[in-house]
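Data first, discussion second: the structure below is written as structure tokens.
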Amino acid sequence: MKARAFSYFRAATIDQALDAHARAGDDARFIAGGQSLVPALSLRLQAPRLLIDITHIAELRGVRREGEFLRIGALTRHCEMLSEPLIAEFAPLLHAAAPFVAHPAIRNRGTFGGSVAHADPASEFPAMTLALDAEIEMIGPSGSRRVKADDFFVDLFETALQPGELITAVFVPLFKADQRFAFDELARRRGDYALVGCGMLATCTGERIHDIRISFFSVGNTPTRVKGTEATLIGSSLGAERIAAAQAALEADLTPPDSDEVPPAMRLHLARVLLGRMLGRLGVGG
Amino acid sequence: MSGFDESLLDDADETERVRFVVNGRKVACEVAPRETLLDCLRNALELTGTHAGCEMGACGACLVQLDGQAVHACLMFAVQADGATIDTIEGLTESGVIADLQAEFHRRNALQCGFCTPGMLVNAHELLSQVTRPSRRDIRDALSGNYCRCTGYEAIVDAIDAVAKARSERGGVT
């Protein structure tokens, strides 16, 4: 299938991109990697009048330390999440998640900012921004602002981004020596969408957990933090009993959608299995 | 400041002139913005070795190298590739860089209908340029985005594995 006819504009700066969007009204879309947008256009799920290519905007590139954060430019490609040493050192959860994102050729084009903006509830990176307590920086007609990941994902493919706004960077708190992380997912086939996936980041003293953020994907309309489950783990060491309690708490936190392929009870069961495995690994160092 | 010409909005299907270096040769063609790079390669440039499969980025039949990296030609518009260097299966064949892979695919009959083969070769080429001695699991992992509807995977993995071994015995990547 082919996309409906559209005009194409390659922006060289953020100002140019925002200006073009404003002039096209709401009938424009920004495109970067396009690995989700192009199929959506081909299926005519979307049919904008104007496509604004932001791939060549230098301001949206680069990964660097900025104070207590790692600033990951929106155009950072998925393959760079694997190859960039700063990501491996300061955002190892993203480094661990990257090999699970689609296939190598998709990772060569797809961008981190694009994945977060698209907010596919089955995608790895949006959910990881929740686990990492990241902040999403965006710019639009009324200026620049930063939103906590906890407040960013609103509903199915719906985010805090307003019409005409684009993500400029994601700010991830630097990984610290007293932190541990784990990432895993269950999929029928490597590279396929996960039946259920999870990432977690814990702050510990020895075996005792002071703080933990656990984020699931493919379990609902948005990436999902499981706050009740997190609460069962704080202040304790990870033994078999504690892990079982956390697994039991999951039921109150997750409401998997009904689907013919994967009934809610099965998805919840898979989420429990995954949580148990990951907490087990976290207990011995993550 | 803007650089944006509002008249663009009135003629959505107007063609644009794009320039690439395809298989080492400079080319220019007229494309409508909605034409994918795949359409442009196959129709305008008659490079039909790049196959149109799912056209959704799932099957890998359309893989080409864009500025040295494997990408789906169906998942980008030709206008986005303006100024890029593209190598298709024809170019990789002519340059000889995948001759050993092609010979091994042939020797082991690592193809049945052959429709997926160009994409498999582009992907295998990328894998072996990054990992000198991938395990069979690594190979299967790398091929997870390439469908062979004849299910000829075993021989394909064998062929890539054999080339990786042969190259490393010869002293690394060719």
Side-chain angles (χ1 to χ4, degrees), chain A residues 1-13 15-25 27-28 31-44 47-56 77 79 82-83 99-100 102-110 187 189-192, chain B residues 1-14 16 18 31-39 54-60 62-83 119 122-123 126-127 130 137-138 140-147:
Chain A
M1 301 221 321
K2 301 296 173 198
R4 201 187 71 178
F6 57 82
S7 298
Y8 170 86
F9 174 64
R10 183 184 281 196
T13 64
D15 283 347
Q16 278 188 4
L18 298 181
D19 177 62
H21 198 288
R23 295 214 224 174
D27 209 1
I31 187 167
Q35 303 298 281
S36 298
L37 182 57
V38 175
L41 294 171
S42 297
L43 289 168
R44 302 200 179 194
R49 194 156 69 118
L50 175 68
L51 217 52
I52 303 164
D53 191 346
I54 59 171
T55 316
H56 300 271
R77 297 194 190 278
C79 58
L82 280 166
S83 63
F100 292 86
H103 314 294
I106 302 272
R107 295 199 289 267
N108 284 343
R109 287 287 298 164
R189 194 175 60 98
R190 187 65 185 257
D192 212 337
Chain B
M1 173 204 85
S2 145
F4 179 69
D5 176 2
E6 227 158 295
S7 67
L8 253 184
L9 295 170
D10 301 325
D11 28 52
D13 227 6
E14 193 86 343
E16 294 191 26
V18 292
V31 294
R34 66 170 172 166
E35 280 180 60
T36 61
L37 178 60
L38 173 68
D39 296 333
C54 68
E55 296 191 69
M56 299 292 297
C59 80
C62 70
L63 291 185
V64 297
Q65 285 204 313
L66 178 88
D67 295 327
Q69 283 188 308
V71 303
H72 293 88
C74 74
L75 286 190
M76 63 188 297
F77 298 108
V79 283
Q80 290 179 279
D82 185 30
V122 172
N123 200 339
E126 171 139 312
L127 173 68
Q130 291 172 345
R137 194 192 156 126
D138 294 336
R140 287 186 178 279
D141 207 32
L143 293 181
S144 67
N146 288 69
Y147 286 1

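Below, chains carry the letters A, B, ... as their sequence lines are ordered, and counting in each starts from 1.
In summary, B:Glu55 and A:Lys2 engage in a salt bridge, as defined by a charged side-chain N under 4.0 Å from a carboxylate O.
For A:Arg189, the side-chain hydrogen bond (donor to acceptor under 3.5 Å, both in side chains) criterion is met by B:Tyr147, not counting sequence neighbours.
Neither the backbone nor the side chain of A:Leu37 comes within contact range of chain B, judged by heavy atoms closer than 4.5 Å. Neither the backbone nor the side chain of A:Leu18 comes within contact range of chain B; no heavy atoms are under 4.5 Å apart. Proximity to chain A (any heavy atom under 4.5 Å) is shown, for B:Glu14, by neither the backbone nor the side chain. Using a 4.5 Å cut-off between heavy atoms, B:Glu126 touches chain A through its side chain atoms alone. When heavy atoms are compared at a cutoff of 4.5 Å, A:Ile31 approaches chain B solely by way of its side chain, counted from C-beta outward. There is no contact between A:Ala40 and chain B, counting heavy-atom distances below 4.5 Å. Using a 4.5 Å cut-off between heavy atoms, B:Asn146 makes no contact with chain A at all. Neither the backbone nor the side chain of A:Arg107 comes within less than 4.5 Å of any heavy atom in chain B.
Side-chain contact check for B:Leu75 versus A:Ile106: some heavy-atom pair is nearer than 4.5 Å. Inter-residue side-chain proximity for B:Phe77 and A:Asp53 is flagged as unmet; no heavy-atom pair is nearer than 4.5 Å. With a 4.5 Å cut-off on side-chain heavy atoms, A:Tyr8 and B:Gln80 count as touching. Under the 4.5 Å side-chain criterion, counting only non-hydrogen atoms from C-beta, A:Val38 is not in contact with B:Met56.
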Which donor-acceptor pairs under 3.5 Å do the side chains of residues 62-74 of chain B make with protein atoms, sequence neighbours left out?
residue	atom	partner	partner atom	Å
B:Asp67	OD1	B:Thr85	N	2.9
B:Gln69	NE2	A:Asn108	OD1	3.3
B:His72	NE2	B:Gly57	O	3.4

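Interface check for chain B: of the options A:Ser7, A:Ala102, A:Ala24, the most heavy-atom pairs under 4.5 Å are formed by A:Ser7. Chain B forms more heavy-atom pairs under 4.5 Å with one residue of A:Leu51, A:Leu43, A:Thr55 than with any other, namely A:Leu43.
Using modelled atom types, no side-chain atom of B:Arg34 and backbone atom of A:Ser42 make a donor-acceptor pair closer than 3.5 Å.
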Start with the C-alpha distance between A:His103 and B:Asn123, add both sets of side-chain angles, then the distance that settles side-chain contact (heavy atoms from CB on, under 4.5 Å), and finish with yes or no.
-> CA-CA 10 Å; A:His103 314 294; B:Asn123 200 339; over 6 Å; no
